[in-house]
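One structure is given here, and the rest of the page talks about it.
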Amino acid sequence: MNQAIIIGATSGIGKEVATRLLKQGWRVGVAGRREQALAALQESYGADRVVIAPMDVITQESVEKLDDLLKAVPSPDLFLYMSGVGYQNVELDEEKELRTVRTNCEGMVRMVDHFLNYVKSNRDYSASRKAHVAVVTSVAGTAGMGSAPAYSATKRMQSTYLTALSQWSRMERVPVVFTDIKPGFVATDILNPDKHYPMLMDKGKAASHVLKAIRQRKRVYVFDWRFRVLVFFWRLVPRCLWERVRIVRS
(Lines give C-alpha, C1' and ligand atoms only; values in the text may rest on other atoms or scores of the structure.)
Protein backbone atom coordinates (compact mmCIF):
# COMPACT_ATOMS: atom_id res chain seq x y z
CA MET A 1 0.00 0.00 0.00
CA ASN A 2 1.37 3.40 -0.99
CA GLN A 3 1.56 5.96 1.80
CA ALA A 4 1.43 9.76 1.77
CA ILE A 5 1.56 12.65 4.18
CA ILE A 6 -0.34 15.77 3.16
CA ILE A 7 0.15 19.04 5.01
CA GLY A 8 -2.90 21.19 4.37
CA ALA A 9 -5.66 18.67 3.70
CA THR A 10 -8.68 20.16 5.44
CA SER A 11 -10.14 22.07 2.49
CA GLY A 12 -9.72 22.99 -1.15
CA ILE A 13 -7.33 21.09 -3.41
CA GLY A 14 -5.58 19.41 -0.47
CA LYS A 15 -8.75 17.75 0.77
CA GLU A 16 -9.67 16.70 -2.76
CA VAL A 17 -6.22 15.17 -3.38
CA ALA A 18 -6.34 13.30 -0.06
CA THR A 19 -9.77 11.89 -0.92
CA ARG A 20 -8.61 10.79 -4.39
CA LEU A 21 -5.56 9.00 -2.97
CA LEU A 22 -7.70 7.22 -0.39
CA LYS A 23 -10.07 6.05 -3.12
CA GLN A 24 -7.03 4.71 -4.99
CA GLY A 25 -6.06 2.62 -1.98
CA TRP A 26 -3.39 4.79 -0.39
CA ARG A 27 -2.87 5.16 3.35
CA VAL A 28 -2.70 8.86 4.15
CA GLY A 29 -1.54 11.01 7.04
CA VAL A 30 -3.32 14.35 6.91
CA ALA A 31 -2.57 17.58 8.75
CA GLY A 32 -4.21 20.97 8.99
CA ARG A 33 -5.71 23.54 11.32
CA ARG A 34 -9.34 22.37 11.10
CA GLU A 35 -9.50 19.39 13.45
CA GLN A 36 -13.17 18.73 12.71
CA ALA A 37 -12.48 18.41 8.98
CA LEU A 38 -9.62 15.98 9.64
CA ALA A 39 -11.82 13.89 11.94
CA ALA A 40 -14.57 13.74 9.30
CA LEU A 41 -12.09 12.40 6.73
CA GLN A 42 -10.88 9.78 9.18
CA GLU A 43 -14.45 8.77 10.00
CA SER A 44 -15.22 8.31 6.30
CA TYR A 45 -12.27 6.00 5.56
CA GLY A 46 -11.31 4.57 8.94
CA ALA A 47 -8.45 5.12 11.35
CA ASP A 48 -6.44 2.34 9.72
CA ARG A 49 -6.37 4.32 6.45
CA VAL A 50 -6.36 7.91 7.69
CA VAL A 51 -4.04 9.24 10.38
CA ILE A 52 -4.75 12.81 11.47
CA ALA A 53 -2.62 15.53 13.05
CA PRO A 54 -4.22 18.90 13.82
CA MET A 55 -1.49 21.52 13.45
CA ASP A 56 -0.64 25.07 12.48
CA VAL A 57 2.60 25.08 10.49
CA ILE A 58 3.64 28.48 11.82
CA THR A 59 4.17 27.02 15.31
CA GLN A 60 7.16 25.02 16.49
CA GLU A 61 4.77 22.41 17.91
CA SER A 62 3.94 21.42 14.32
CA VAL A 63 7.29 19.59 14.15
CA GLU A 64 6.21 17.33 17.00
CA LYS A 65 2.91 16.71 15.22
CA LEU A 66 4.79 15.80 12.06
CA ASP A 67 6.95 13.35 14.02
CA ASP A 68 3.75 11.72 15.29
CA LEU A 69 2.55 11.36 11.70
CA LEU A 70 5.87 9.84 10.62
CA LYS A 71 5.64 7.26 13.39
CA ALA A 72 2.12 6.31 12.31
CA VAL A 73 2.83 6.55 8.56
CA PRO A 74 6.50 5.54 8.38
CA SER A 75 8.62 6.07 5.28
CA PRO A 76 5.86 7.66 3.16
CA ASP A 77 6.24 7.53 -0.61
CA LEU A 78 4.91 11.07 -0.95
CA PHE A 79 5.20 14.20 1.15
CA LEU A 80 2.85 16.89 -0.18
CA TYR A 81 2.88 20.43 1.19
CA MET A 82 -0.32 22.30 0.37
CA SER A 83 -0.77 24.67 3.30
CA GLY A 84 -1.04 28.22 2.10
CA VAL A 85 -2.71 31.56 2.65
CA GLY A 86 -2.92 34.63 0.50
CA TYR A 87 -4.72 37.93 0.30
CA GLN A 88 -5.36 40.71 -2.13
CA ASN A 89 -3.83 43.39 0.01
CA VAL A 90 -3.44 46.75 -1.70
CA GLU A 91 -3.97 48.31 1.74
CA LEU A 92 -0.74 46.58 2.86
CA ASP A 93 -2.30 45.29 6.05
CA GLU A 94 0.86 44.20 7.87
CA GLU A 95 -0.70 41.27 9.70
CA LYS A 96 -2.02 39.79 6.44
CA GLU A 97 1.39 40.14 4.82
CA LEU A 98 3.19 38.59 7.78
CA ARG A 99 0.69 35.75 8.12
CA THR A 100 1.26 34.93 4.46
CA VAL A 101 5.04 34.89 4.91
CA ARG A 102 4.82 32.74 8.04
CA THR A 103 2.59 30.11 6.47
CA ASN A 104 3.93 29.98 2.92
CA CYS A 105 7.62 30.42 3.73
CA GLU A 106 8.35 29.65 7.37
CA GLY A 107 5.79 26.86 7.53
CA MET A 108 6.96 25.23 4.32
CA VAL A 109 10.63 25.38 5.33
CA ARG A 110 9.86 23.95 8.76
CA MET A 111 7.84 21.02 7.41
CA VAL A 112 9.84 20.19 4.29
CA ASP A 113 13.25 20.46 5.96
CA HIS A 114 12.16 18.28 8.85
CA PHE A 115 10.95 15.63 6.44
CA LEU A 116 14.16 15.79 4.40
CA ASN A 117 16.26 15.24 7.50
CA TYR A 118 14.02 12.27 8.25
CA VAL A 119 14.67 10.89 4.75
CA LYS A 120 18.41 11.48 5.09
CA SER A 121 18.61 9.25 8.17
CA ASN A 122 16.10 6.62 7.04
CA ARG A 123 17.44 3.48 5.40
CA ASP A 124 14.06 2.67 3.88
CA TYR A 125 14.91 5.20 1.17
CA SER A 126 17.54 4.51 -1.46
CA ALA A 127 18.47 5.19 -5.07
CA SER A 128 15.83 2.66 -6.09
CA ARG A 129 13.16 4.02 -3.71
CA LYS A 130 13.33 7.78 -3.47
CA ALA A 131 11.03 9.93 -1.38
CA HIS A 132 8.86 12.32 -3.35
CA VAL A 133 8.43 15.87 -2.04
CA ALA A 134 5.82 17.97 -3.82
CA VAL A 135 4.87 21.56 -3.02
CA VAL A 136 1.92 23.42 -4.50
CA THR A 137 3.21 26.91 -5.31
CA SER A 138 1.50 29.17 -7.88
CA VAL A 139 1.91 30.89 -11.23
CA ALA A 140 1.68 34.06 -9.11
CA GLY A 141 5.34 33.50 -8.29
CA THR A 142 6.28 34.36 -11.88
CA ALA A 143 6.52 38.06 -10.99
CA GLY A 144 5.56 40.29 -8.08
CA MET A 145 1.93 41.42 -8.17
CA GLY A 146 1.03 44.73 -6.56
CA SER A 147 -2.43 43.47 -5.62
CA ALA A 148 -0.97 40.62 -3.56
CA PRO A 149 2.64 41.46 -2.66
CA ALA A 150 3.32 38.85 0.01
CA TYR A 151 1.46 36.06 -1.78
CA SER A 152 3.33 36.41 -5.08
CA ALA A 153 6.67 36.88 -3.32
CA THR A 154 6.22 33.84 -1.08
CA LYS A 155 5.27 31.66 -4.03
CA ARG A 156 8.42 32.76 -5.82
CA MET A 157 10.41 31.91 -2.69
CA GLN A 158 8.87 28.43 -2.54
CA SER A 159 9.89 27.65 -6.12
CA THR A 160 13.41 28.99 -5.59
CA TYR A 161 13.74 27.00 -2.39
CA LEU A 162 12.76 23.78 -4.16
CA THR A 163 15.42 24.47 -6.79
CA ALA A 164 18.01 24.89 -4.05
CA LEU A 165 16.83 21.73 -2.28
CA SER A 166 17.02 19.74 -5.51
CA GLN A 167 20.65 20.77 -5.83
CA TRP A 168 21.22 20.05 -2.13
CA SER A 169 19.84 16.52 -2.47
CA ARG A 170 22.43 15.76 -5.13
CA MET A 171 25.24 17.36 -3.14
CA GLU A 172 24.30 15.35 -0.04
CA ARG A 173 23.20 12.24 -1.94
CA VAL A 174 19.80 12.20 -0.32
CA PRO A 175 17.33 9.94 -2.21
CA VAL A 176 14.53 12.37 -2.92
CA VAL A 177 12.84 13.91 -5.95
CA PHE A 178 10.97 17.22 -6.01
CA THR A 179 7.90 18.52 -7.80
CA ASP A 180 6.94 22.19 -7.99
CA ILE A 181 3.23 22.34 -8.85
CA LYS A 182 2.07 25.72 -10.13
CA PRO A 183 -1.70 26.18 -10.49
CA GLY A 184 -3.43 29.21 -11.89
CA PHE A 185 -6.76 30.40 -10.49
CA VAL A 186 -8.61 27.64 -8.63
CA ALA A 187 -12.03 28.11 -7.03
CA THR A 188 -11.06 27.69 -3.36
CA ASP A 189 -11.49 29.75 -0.20
CA ILE A 190 -8.23 31.60 -0.86
CA LEU A 191 -9.84 33.61 -3.68
CA ASN A 192 -12.01 36.66 -3.09
CA PRO A 193 -15.55 35.59 -4.09
CA ASP A 194 -16.39 39.16 -5.11
CA LYS A 195 -13.73 39.22 -7.83
CA HIS A 196 -13.81 37.83 -11.37
CA TYR A 197 -10.91 35.52 -12.17
CA PRO A 198 -9.99 34.56 -15.75
CA MET A 199 -9.56 30.89 -16.62
CA LEU A 200 -10.93 29.82 -13.22
CA MET A 201 -10.68 26.08 -12.55
CA ASP A 202 -12.74 24.01 -10.11
CA LYS A 203 -10.86 22.17 -7.37
CA GLY A 204 -11.73 18.73 -8.76
CA LYS A 205 -9.99 19.42 -12.05
CA ALA A 206 -7.11 21.04 -10.18
CA ALA A 207 -6.71 17.91 -8.05
CA SER A 208 -6.49 15.83 -11.22
CA HIS A 209 -3.61 18.00 -12.41
CA VAL A 210 -1.86 17.73 -9.05
CA LEU A 211 -2.11 13.95 -9.14
CA LYS A 212 -0.84 13.88 -12.73
CA ALA A 213 2.21 15.91 -11.73
CA ILE A 214 2.85 13.55 -8.83
CA ARG A 215 2.29 10.41 -10.85
CA GLN A 216 4.68 11.54 -13.59
CA ARG A 217 7.16 12.97 -11.07
CA LYS A 218 7.37 16.20 -12.99
CA ARG A 219 10.05 18.55 -11.69
CA VAL A 220 7.90 21.62 -12.52
CA TYR A 221 4.28 21.41 -13.58
CA VAL A 222 2.14 24.42 -14.56
CA PHE A 223 -1.55 23.84 -15.13
CA ASP A 224 -3.41 24.03 -17.29
CA TRP A 225 -2.10 24.66 -20.83
CA ARG A 226 -3.55 28.17 -20.86
CA PHE A 227 -1.46 29.14 -17.86
CA ARG A 228 1.60 27.49 -19.38
CA VAL A 229 1.22 29.86 -22.33
CA LEU A 230 0.56 32.79 -20.00
CA VAL A 231 3.65 32.08 -17.89
CA PHE A 232 5.81 31.74 -21.01
CA PHE A 233 4.92 35.23 -22.21
CA TRP A 234 4.77 36.69 -18.70
CA ARG A 235 8.45 35.87 -18.22
CA LEU A 236 9.30 37.86 -21.33
CA VAL A 237 7.89 41.11 -19.95
CA PRO A 238 10.77 43.40 -18.87
CA ARG A 239 10.71 44.37 -15.21
CA CYS A 240 10.65 48.08 -16.04
CA LEU A 241 7.40 47.53 -17.98
CA TRP A 242 5.80 45.10 -15.52
CA GLU A 243 6.23 47.52 -12.62
CA ARG A 244 4.18 50.09 -14.52
CA VAL A 245 1.20 47.80 -15.13
CA ARG A 246 -1.80 49.08 -13.15
CA ILE A 247 -4.61 46.80 -14.26
CA VAL A 248 -3.57 43.66 -12.35
CA ARG A 249 -5.99 43.63 -9.41
CA SER A 250 -6.66 39.88 -8.89
Side-chain angles (χ1 to χ4, degrees), residues 5-15 17-18 29-38 52-70 78-119 133-166 168 178-186 188-193 195 203 206 210 248 250:
I5 288 179
I6 303 176
I7 310 297
T10 58
S11 64
I13 309 174
K15 182 179 179 181
V17 169
V30 290
R33 290 185 294 117
R34 301 178 180 91
E35 185 172 0
Q36 189 173 3
L38 296 175
I52 66 174
M55 70 164 70
D56 188 339
V57 297
I58 70 174
T59 67
Q60 188 59 39
E61 289 75 16
S62 62
V63 171
E64 299 173 6
K65 298 284 189 177
L66 177 55
D67 281 334
D68 290 339
L69 273 183
L70 289 169
L78 171 67
F79 184 88
L80 177 60
Y81 187 85
M82 303 198 69
S83 289
V85 297
Y87 307 93
Q88 291 187 38
N89 192 20
V90 294
E91 300 82 10
L92 289 185
D93 182 304
E94 293 177 19
E95 184 50 41
K96 288 181 178 180
E97 296 292 275
L98 291 172
R99 173 76 188 186
T100 303
V101 172
R102 292 187 194 108
T103 302
N104 298 356
C105 295
E106 180 184 342
M108 183 205 70
V109 170
R110 179 177 287 115
M111 293 288 98
V112 170
D113 283 13
H114 194 72
F115 178 69
L116 290 176
N117 283 319
Y118 170 85
V119 172
V133 172
V135 177
V136 174
T137 64
S138 172
V139 298
T142 304
M145 295 192 301
S147 58
Y151 182 73
S152 54
T154 56
K155 291 302 175 178
R156 181 65 170 264
M157 178 272 179
Q158 289 180 331
S159 292
T160 302
Y161 200 71
L162 287 178
T163 298
L165 289 177
S166 184
W168 168 86
F178 297 90
T179 297
D180 179 356
I181 304 171
K182 299 174 180 286
F185 293 119
V186 180
T188 64
D189 295 341
I190 201 171
L191 294 185
N192 186 339
K195 295 287 185 177
K203 61 185 179 182
V210 170
V248 181
S250 297

Main chain of [Y], side chain of [X]: is a donor-acceptor contact present, judged purely on distance under 3.5 Å?
{"X": "Ser62", "Y": "Thr59", "result": "yes"}
{"X": "Glu97", "Y": "Ala150", "result": "yes"}
{"X": "Thr103", "Y": "Arg99", "result": "yes"}
{"X": "Arg156", "Y": "Thr142", "result": "yes"}
{"X": "Thr137", "Y": "Asp180", "result": "no"}

Check the surroundings of atom NZ in Lys182: do more than 12 heavy atoms from other residues, nucleotides or ligands lie under 6.0 Å from it? yes
Heavy-atom closest contact ([X] atom, [Y] atom, distance):
{"X": "Ala143", "Y": "Ser152", "result": "O-CB, 3.8 Å"}
{"X": "Ala134", "Y": "Leu78", "result": "CB-CD1, 4.3 Å"}
{"X": "Thr154", "Y": "Cys105", "result": "CG2-SG, 3.4 Å"}
{"X": "Asn89", "Y": "Pro149", "result": "O-CD, 4.1 Å"}

Measuring only between side-chain heavy atoms, which start at C-beta, is [X] closer than 4.5 Å to [Y]?
{"X": "Met55", "Y": "Met111", "value": "yes"}
{"X": "His114", "Y": "Asp67", "value": "yes"}
{"X": "Arg33", "Y": "Thr10", "value": "no"}
{"X": "Val135", "Y": "Tyr161", "value": "no"}

Would you check, one step at a time, whether the test side chain to side chain contact (heavy atoms under 4.5 Å, CB included) holds for Ile7 with Phe79? CA-CA 8 Å; Ile7 310 297; Phe79 184 88; 3.8 Å; yes
Show, in sequence, the C-alpha distance, side-chain angles and deciding distance for Lys65 and Glu61, and conclude whether the salt bridge (charged side-chain N to carboxylate O under 4.0 Å, His left out) test is met. CA-CA 7 Å; Lys65 298 284 189 177; Glu61 289 75 16; over 6 Å; no
Go through Asp93 and Tyr87 one step at a time and tell me if the side chain to side chain contact (heavy atoms under 4.5 Å, CB included) criterion holds. CA-CA 10 Å; Asp93 182 304; Tyr87 307 93; over 6 Å; no
Those residues at least two apart in sequence (or on a different chain) that pass side chain to side chain contact (heavy atoms under 4.5 Å, CB included) with Glu64 are none
